[in-house]
Every structure is written in C-alpha cells, then in structure tokens.
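Quick notes on the structure that follows.
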Amino acid sequence: MQSNIDLQGLRVAVTGGTSGLGMALVRQLTAPGACVAFVARTAANVERIADETGAHGIVGDVGKKEDTYSIALQVTASLGGLDVLINNASSLGPVPLALLADTECEELEVALAVNLVGAFRLTKALFGALAASARGGRGALVINISSDAAVNAYPGWGAYGTSKAALAHLTAIWDEEAKAHGIRLFALDPGDMDTPLHALALPDADPSTLKRPELSAAEIIEKMLDALQVRATLHAGANT
Amino acid sequence: MIAADRPDRRAARLLVLEADGTTRDLPGAGIKTLFGPGDLVVANDAATLPASLHGTHVPSDEAIEIRLAGWQSFPDPTRFLAIAFGAGDHGTRTEDRPPPPPLSPGDRLRLGPLNAVVERLLDHPRLLELRLPGNRAAVLAALAQHGRPIQYAHVREPLALWDVWTNIAAEPAAFEAPSAGFALDWRTLQVWRRRDVGFATLTHAAGVSSTGDPALDSRLPFDEPYRIPERTAAQVVRAKLRGSRIIAIGTSVVRALEAAANSDGGVRAGKGIATGRMARGTPLRVVDAIFTGVHQPGESHFELLRAFADDALLAKASTAFAACRYRAHEFGDSMLLNRQPPLLSREQNRGEGLETKALLEVCHDVGRIGGISCSARKEVGAMLQRTKFGI
Ligand SMILES: NC(=O)c1ccc[n+]([C@@H]2O[C@H](COP(=O)([O-])OP(=O)(O)OC[C@H]3O[C@@H](n4cnc5c(N)ncnc54)[C@H](OP(=O)(O)O)[C@@H]3O)[C@@H](O)[C@H]2O)c1
C-alpha cells in the first residue's frame, strides 16, 4: 500500500464525482489529504459530496462545449493548478441499450460528446496546467476511464463501446505526443461495478457478482501513484 | 496598421528587429526557428479570468460594467481592484463609454448571480475596490458563469474564454490575456526541445491594457503579482552563467523577471509584485530580447519597449509595421526585438542605406500577404521618402 504522504497536496480533478466510481475516487483522494475538484451536472448532488468530503464541487456538463472552460477555470483556480485529471463521467448512449441499427444518430452523438469529445476538450483546456505541473517536477497525468466494451464487441453496447474504443485510442496517441512535455495519459478499465450506471445498462444483473466501486477506486489510485512515482524517479534522475 | 478584428492566429506575421536596425518579415510560424541551442525562452502561463461583469448598480438601478483589474490578495477571488463603466458594452470604444453611475462605499451591484459590494472608492471616479461576498467555490462558479473576457471594440464578436486562454494557460491569474503567448503551440515547444532551446514559465497577473481614460491609462499598469517557480529561476541562472540569451514572451514576462532580478544577474524564485512602469532608461538586468505584439506609442506596452531600444530603432519597427500592414492588438502580429546595447544606437543611424535595403526586402513580401499590395506600396514609397530625407 502507498503511504498517505504521497497524496498529501496532490491536485486532482475528477469528472462524474457524485456517484459510483467517481464518488469513491473523490472520497478516497480527499481522506488522505489530496486537493480535489470534481464535476457533475446535478447541483444538489455536487453540493452534498462537496460538503461531505471538503472537495471543490463544480456543476457542469462535460458533454457541452460551453461548459469546458468554465470547468477548467474553476478547477485550476480552486486547486491552484492541476497534477492529475481523471475523465470518469460517462454516457451510456441509448437507455435501454439498443442495437446499432435501432440507435438514433443523436444517441450515438451524445455518447461521443461526453465520453470522447468531452474528455478531449477538458484535457485540452487543462493541458497547460498539467504541463506547468510537469515542468515544476510534480506529476502530470490524465487517466481516462475506459471499459471492456472498448475492446469486446458486445451486442447492444454499440454507442458506448465505440466511444470508449475511440477514447482508448485517443489516449494512446496523446500519450505518445505528450511524453515530451512530461504529461502521461492512460486508459483504465475499472471492471464491472455495482453502480447506478451498471443498473441502468443491465437492470437484471446480480449486484453480488459485481465489484464494489470503492475497490476499483483504490486500484486506480494505486496505479496513479505508481505512475507519479515513476515520473518522480525519472525526474530526479534527469536532474543529476 | 490594421486592428486585428478576429482571433485568426494562422495568418500571423512576425517582424524580427535586430539591434543593428535590420528587419526581417516572417510568417508567424517562423518563431520555431528564431532561437538557437542554449537560448532560454520564458513565457507567462497565466490563464485569463472572465473579468468583465455586466449588471446593475442597485441604488440607482442603472447599468454598469465592472472590469476586474487587479488582485487585492492573489489568488483570493473575492476582492479585486476594479474599473467601472456606465451603460454599453465592448462594441463602443472605451474612450466613448459613459462614466458609471455615481458610486459610494457600501453600494451593492447585481452582476448576474454575483452580489458585489463597493468596498472603497479610489481617487478616480472609475476606480474602486470591489468585494464579491460568498464562499470561494460559489464566487468562482458565478464568475465562470457570468463573466466574459475583457474585450475592445476592434473585435466585434463576443470572445469566449477559449479565445483568450493561451495554449500554455495554467492558473487563472490574468485580467487580460498575456497575448504574446498566443504564438506558442505544442509543436513549437517540441521543435524548441529538439533544437535544445530552453523553455520555462512564470505566472504573472497581467492587468488591463487600456481604460479609455487618459488619467487612468497613464497609471497603467497597476501592481501585478507574479510567481516564479524554483526551476525557472534555476534555468535563468544557468542560462546567464553560460552567456545564453533570455527571451521573454510578452511584456508581462519582462516585468516579472526584471522585478525579481538579483544583483548577480539571476532572479529570485517565489512570489512578488511588479510595480510601476518600465520605460526608457529602466535597466534590463535579465532579459535580452522580447517577443511581443505590435504596440503603438503612448501605450504602456510601447513604453516598456523603450527599455530595449532607442526611439530611432522603434521608429523603424513602426515604419516596417505600416509598410507590411501588420495588425496591432492582442490577436494581431508579433515582433522579436533584440535588446540594443546602449552604445549602438548612435552608430546605427549611419547605417541608413543598409536599413532601407532591408526595408525593401521586407516589403517585397507584402505581395504574398495578398490583396493589399497597392496601398502598401504607396506607404512604402512615402516611407522611403521619409527615410531618404532623414525625418
Ligand atoms: N459501472 C460499471 O460496471 C463500469 C464498467 C466499466 C466502465 N465503467 C466506467 O466507469 C466510469 C464511472 O461509471 P459509474 O458506473 O461510476 O457511473 P455512475 O454511477 O452513473 O456515475 C456517473 C457520474 O458521472 C456524472 N455525469 C454523467 N454524465 C455527466 C456529464 N455529461 N457531465 C458531467 N458529469 C456527468 C454523474 O452525475 P450527474 O448525472 O449529476 O451528471 C455521476 O456523478 C464511467 O466512465 C464508466 O463508463 C463503469
């Protein structure tokens, strides 16, 4: 296990921080002293989680272009910069899940707008802050939450799976490009978790067969710290 | 000069003005190849606040526009120095804007979701201290929702935050964009890295560039907080030790670096406040060259350039700008001005013939810019006349 010291003062932004995996991340990051800002659309929920955790709550829709810089402004102003961005908010596309031939164009567009373009926009708006963190010798990471639906061709998961596959590829290319500026990006599949999103997609699933989002959050934080540690070591090496 | 009427960065031009008076007119992308191994480029990574807030002066029920113009205590978003305007918006030149309704301490202003309070009036009817009561999160959210970038009449369409954040924008600190940074993109930084050109940043809270009121304008810039990271300070010291050039991207970087200058040629890391104007005679202890926009005599930005070069050299820049139709203002074209060694200035007036030739070369490129060569040629003609007669 990582010691709490590693998280002290780390500046992290999480989209979709009021439910499921995102909420677990906000709780597990704030408890040991990370400075966290999170985003979700429903104001009452944002306020509740902000009050509970002390994290900085931001009401916004990552699928909307007009909200992107408003979110970026609030993230960077409240944290005084940014070390880690976790793009976690997600849209399922059509609910109930639909075959592609039954999917409306607009439903595909919504999934792409939130899961792909939204993550792209927010990352781009915050890229300057991340690069500043990297130059200062702190970490600079973007974690994009993906899914096994990005890899496997599950019937009924067309809009969602397509958006997540595109997100994974965007992440891989951007990681190659951003390395030079000290920013790393990776995509992580949290596994099948017992969350409202899962219940919406597969209402008949047996919750006892699903992972608790708290466990996935702990695993993601572990990977995040590993990546930051590698960077810190590399950085120290480069300076000597 | 043509006021840049829209944020079109692709067509940008770049004038290089050497200390010996020679000039080169390059496409904006020429910035990639301007610097050599060892040079250190320093940029301002401040993101820009949506600092223009429209609303109502509650006691009079009259329209008011507030432009946040300075921090009381950076980065506390609840207390600002501010400039007030009466009815109207950026479509009217600031010079022609009516004054705000008469203000008194304690007056409330309804600025969208913000309930602001006039804390204190300063010694000018437009200048005040403003408090935005509420917790930090709520104030930031309201600013993000209601605030608009400060903008001027030469850009008609309303600007969005993405128009005024540079690519490297990190923490919201500036009231107007540190606009020289618009010339930077990630490809350029990558090319510099490959060419062993150093790159470092600082954060400087660039303030408003113009208020439209001569008395207030003469007091610009207001005090501007800045922060220089340890690593940037270390890079500056190393560059100075090996005799490399320090290139500032924008006037705000010059102000911060020179405010933080040590007697030994390095800079102090950490926070500081850049105060007062830089002008002719202000010693430059750190910066060797400035990459900046096209500024006009009288602006505080132009005054700062006089610390780099004498008026004869700056006049050459102005002439070349006119000849090649450079666009002024924050989304316009740029120049790289190398600091003139103080003694060179007199020497250089003898090199007029050489300068004229360089100018002709510069203007040769005008045809390529397209559609404007005729009038540009006329200007060149007039300019050459002036040059010949040594005016
Ligand atoms: N659950 C699983 O089994 C599973 C499996 C693989 C991958 N994943 C991935 O894990 C991540 C988290 O999923 P979850 O199951 O925890 O979801 P969840 O419980 O439905 O939570 C989603 C969160 O995102 C917010 N959100 C949704 N759309 C948003 C938007 N457009 N803008 C801003 N915030 C938005 C929601 O709040 P508002 O509705 O108020 O905005 C909520 O806070 C997603 O990327 C998902 O694709 C989940």
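Letters go in sequence order (proteins before strands), and every chain restarts at 1.
With a 4.5 angstrom heavy-atom cutoff, A:I58 does not touch chain B via any of its atoms. Within the 4.5 angstrom heavy-atom criterion, only side-chain atoms of A:H56, from C-beta onward, approach chain B. Looking at B:A169, only its backbone comes within 4.5 Å of chain A, counting heavy atoms on both sides. If you measure heavy-atom distances from A:A178 to chain B, you find no contacts under 4.5 Å at all.
Residues B:P225 and B:F74 share a closest heavy-atom pair of CG-CB, 3.9 Å.
In this structure, B:E129 does not pair ionically with B:R131, as no charged nitrogen and carboxylate oxygen lie closer than 4.0 Å.
No side-chain donor-acceptor contact under 3.5 Å links A:D67 and A:S70.
Within a 6.0 Å sphere centred on CD of B:Q190, heavy atoms belonging to other residues, nucleotides or ligands number more than 12. Atom NZ of B:K32 sits in a crowded spot, with more than 12 heavy atoms from other residues, nucleotides or ligands closer than 6.0 Å.
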* To do: Please lay out, stage by stage, how A:N45 and A:T18 fare under the test side-chain hydrogen bond (donor to acceptor under 3.5 Å, both in side chains).
  => CA-CA 6 Å; A:N45 294 342; A:T18 58; 4.7 Å; no
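Note: A:A77 leads A:A37, A:G57, A:A77, A:G60 in heavy-atom pairs under 4.5 Å with chain B. Among B:T203, B:I168, B:T232, the residue with the largest count of heavy-atom pairs under 4.5 Å with chain A is B:I168. Each of B:A141, B:P75, B:P229, B:P50 has some count of heavy-atom pairs under 4.5 Å with chain A, and the biggest count is that of B:A141.
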